[in-house]
Amino acid sequence: MRGALNPEQRAAVEHPGGPLLVLAGAGTGKTRVLVHRIAYLIEAGVSPWEILAVTFTNKAAGEMRERLHQILGDRSRGLWVGTFHSICARLLRRWGEAVGLTRSFVIFDDDDQQRLIQRLIKDAGIDEQVTPRSLSTRFDRAKNRGLDPTRIITGLPIDDHVRLIYPRYQEQLARENAVDFNDLLLKVLDLARDAELGPKLATLFRHVLVDEFQDTNLVQYALVRHLASVTRNLTVVGDDDQSIYGWRGAEPRNLLDFDADFPDATVIKLEQNYRSTSVILEAANAVIDKNVDRRGKALWTDRGGGDLIEWRQFGDERGEAMEVARTIRELIDEYGVSPRDVAILYRTNAQSRPLEEQLLRYRIQPKILGGVLFFERREIKDAMAYLRLVSNPAADSGFERVVNVPARGIGETTVERVRAQAAAHQLSLLDAARAVVRGEVAGVTPTVRKKLASFVDVIDGLAAVRDAGASVAEQVIQVVERSGLREKLEAEGTPEARERLDNLAALVNMASDFDDELGSEGTLDLFLERTALVAGADDDDRGEVVRLMTVHIAKGLEFPYVFLCGLEDGLFPSLRERDGASEAEALEEERRLAYVAITRARDKLVMTAARTRRVWGEIRIQAASRFIEDIPPSCLALPVRPPAPRPTPMLVAPRPAGRPQRPSRGFGRGSWDEHDQRSGDDDVPVYDVHADLRPSDGFAVGAEVSHAAFGTGRVVEARGSGKDTRLTVDFPSVGRKVVLARFLARS
DNA sequence: GTCGTCCCGGGTTCC
DNA sequence: CCGGGACGAC
């Protein structure tokens, strides 16, 4: 949105001080209001370092910084812009010693947390079915509200496990000088209670602004209240209809009850939407209107009309994906649409696979946002564990992770001996390993001692590299070399190993950028902190790509063209039961999620569903999403039904285990299996308005195909099925090649 | 101690 | 379907 601010936006931007609640619907320019308000405050003479702006993601923080720099230039330097976690990490680096943290504390991410809990479950000898996840959920749910997990009583057997494991969990974190994500915030709350530092924190910022306030949890709200307790200059911006993080502790009540907590708060509603057509907005309003527990806003636009929303169902997820890809190809070719203006949204990451495959077949470059994140990759986590161990010899979790990675002959038995030694003498695992190497532990063979020594030497060598003043990038390179990771991966030589090597190279580049940015200030500790707080770092989505992402990721973004896929009951809305929330509450959140999804679209929205979908290898019959029912028919463009509708199966036989079923044929292609309406390789949408534009089906021997790199060729052999179909193709330019079918298009 | 096979359980997602 | 853990064979 460009141009002048409207009166409500202006009132919010120029609000003189005191508590301010901005209730801003989707597409009403709330980020713009926040940015302008910060600029306004600086213009009014507030120093940048007296302003704290909290965003929900690092990405949002980066964008906000960028926009402020555009407006203010260097006058924006020194602003505190970041997520709750990055702000708290910064505060703790400075004052953490008051709450028992040394400067080089490390942050445990999700994976670290799971591994530690797993270890503790094992040590405790718990046999019953208790997963690390179920425990961490219990820990986090309590900590999100500032409560002690062991004091929550549900009457379920897991209570006992929580009582047993949680204290040990916190103990181990303390021993490793580590915090989990929740501790990061809770420790700052502890600081707030400190006689000396509490008042200091309360006056550190003259203005506190919080974006996406509906997503804050109780601890975050308490933090904000403290930071603004003296000045009371607190601006919160949010939309209760976009609260989609209830499952991880968000309390939309923070937003709904804000003016009860601050009776003198000014409340400003932003209801004019500048993003979407009135058709899209009407649909979004109709969906969200079914929710009971909401503050109530009426979004409107002066953008009249617009295309109807297209709604189509297909035989299976492949047919759905194919039609989405084909339609995007058509948008690009015939309407000159840039791929970057198109987004594909879905409820779960698992849906991305077929979409990605079909896009490639139509020679459209997909870019999956989120998904398997860079820092969750095994090789990256391994390299980071080495670095962590170098930075902090007490990092037992890092030791456990990499003591035998790559395999150097140190097995479970040896590690168990090291653990026993550590427990007996109150040592870190690394120091215990040194003791074992020195021969202070009985019953360890010289061979084992030698192997363990080689690992200790790697760590010591790396510490020497750091002490010699190596840059962080150099230290990463040394990790990859000295650990033997590079050698191992190169020896493997598989495409997968090569990808892992590429990822490690990307990590070196990232460290190199970090060095460039911070110069001599850039320490290993700081690098570890930053990477712990940046989940993605992979989301460089530039270039002519079509972006695919979950609806959660898409919040805050907008696109001219949006394809919303998998609108099926059970998938979207997800009807999986969630403990801690009633069915009705869960459904309301799903509805808000649908509202977020629909309002991402500026001009055109296409909604699709599959009638059958493979879920974990099992084929399920899917009914259309109940949210479709909520959308006024006048907003929808329904495809024409084919002239001879096939009979709806009354009964679906379960697929016999182990026996592959003959792929059935889609509508209009001869026979079909009436017990299986899933169509085969030659998939056809059940409804298809563009039947004649569909590419010919299958990659039969003799078919002419084209490949992005090899050009055009002829299929000479086909093997495998589905995504694993491998074709031998004769390319006149390069000869015979075996290629995956998904990298081919028909020509 | 390592490597292979089988079985089980898993969804959304930020920091 | 996928990856991780458990278990047995070398």
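We name chains A, B, ... by the order of the sequence lines, and we start the count at 1 in each one. Side chains included, hydrogens not; waters and symmetry mates left out as well; all remaining heavy atoms used.
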In whole angstroms, how far is the [atom2] atom of [N] from the [atom1] atom of [X]?
X       : N       : atom1 : atom2 : value
L369(A) : dT12(B) : CG    : C1'   : 16 Å
R133(A) : dC8(B)  : CZ    : C1'   : 17 Å
R248(A) : dT12(B) : CZ    : C1'   : 11 Å
I87(A)  : dC15(B) : CD1   : C1'   : 12 Å
R115(A) : dG3(C)  : CZ    : P     : 16 Å
Q114(A) : dG5(C)  : CD    : P     : 11 Å
I107(A) : dC15(B) : CD1   : P     : 12 Å
K450(A) : dG1(B)  : NZ    : C1'   : 17 Å

Write out a two-atom table: protein N or O, nucleotide N or O from nucleotides 2-5 of chain B, distance below 3.5 Å.
| residue | atom | partner | partner atom | Å |
| --- | --- | --- | --- | --- |
| dT2(B) | OP1 | G409(A) | N | 2.7 |
| dT2(B) | OP2 | N404(A) | ND2 | 3.2 |

Which listed nucleotide ([options]) is nearest to the side chain of [X]?
X       : options                   : answer
T414(A) : dC2(C), dG1(B), dT12(B)   : dG1(B)
I553(A) : dC14(B), dG1(B), dG5(C)   : dC14(B)
T83(A)  : dC15(B), dG5(C), dT12(B)  : dC15(B)
H552(A) : dC14(B), dC15(B), dT12(B) : dT12(B)

* To do: Look at the side-chain N and O atoms of T57(A) and state whether any lies under 4.0 Å from the OP1 or OP2 oxygen of dC15(B).
  => no

* To do: For dC15(B), take OP1 and OP2 only and decide whether either is under 4.0 Å from a side-chain N or O of N58(A).
  => yes

* Verify whether one side chain among N392(A) and S104(A) offers a donor that lies under 3.5 Å from an acceptor in the other. => no

* Asked: Which part of the nucleic acid, if any, lies within reach of L571(A) when heavy atoms closer than 4.0 Å are counted: base, sugar-phosphate only, or nothing?
  -> base

* Counting any heavy atom closer than 4.0 Å, what does G570(A) reach on the DNA or RNA strands: base, sugar-phosphate only, or nothing? -> base

Contacts of type side chain to side chain donor-acceptor pair (under 3.5 Å), residue [X], not counting sequence neighbours:
X       : result
E487(A) : none
R119(A) : D123(A)
S86(A)  : T83(A)
S483(A) : none

* Could you check V551(A) against V448(A) and say which one's nearest nucleotide on DNA chain B is further toward the 5' end? => V448(A)

* Structure fact -> Per nearest nucleotide of DNA chain B, the residue lying toward the 5' end, D110(A) or T348(A), is T348(A)

Side-chain atoms of residues 211-224 of chain A: list all donor-acceptor pairs with protein atoms under 3.5 Å, sequence neighbours left out, distances to 0.1 Å.
| residue | atom | partner | partner atom | Å |
| --- | --- | --- | --- | --- |
| E212(A) | OE1 | Q214(A) | NE2 | 2.9 |
| E212(A) | OE1 | K555(A) | NZ | 3.4 |
| E212(A) | OE2 | K30(A) | NZ | 3.4 |
| Q214(A) | OE1 | D239(A) | N | 3.0 |
| D215(A) | OD2 | K555(A) | NZ | 2.3 |
| T216(A) | OG1 | F213(A) | O | 2.7 |
| T216(A) | OG1 | N254(A) | ND2 | 3.0 |
| N217(A) | OD1 | V219(A) | N | 3.0 |
| N217(A) | OD1 | Q220(A) | N | 2.8 |
| N217(A) | ND2 | N144(A) | OD1 | 3.2 |
| Q220(A) | OE1 | N217(A) | N | 2.8 |
| Y221(A) | OH | D261(A) | OD2 | 2.7 |

* Is it possible for you to check whether R419(A) lies under 6.0 Å from the centre of the six-membered ring of F399(A), through NZ or CZ, and within 45° of that ring's axis? => no

* Asked: With a distance cut-off below 6.0 Å to the six-membered ring centre and an angular limit of 45° from the axis, does R530(A) pair with F527(A) as a cation-pi contact?
  -> no

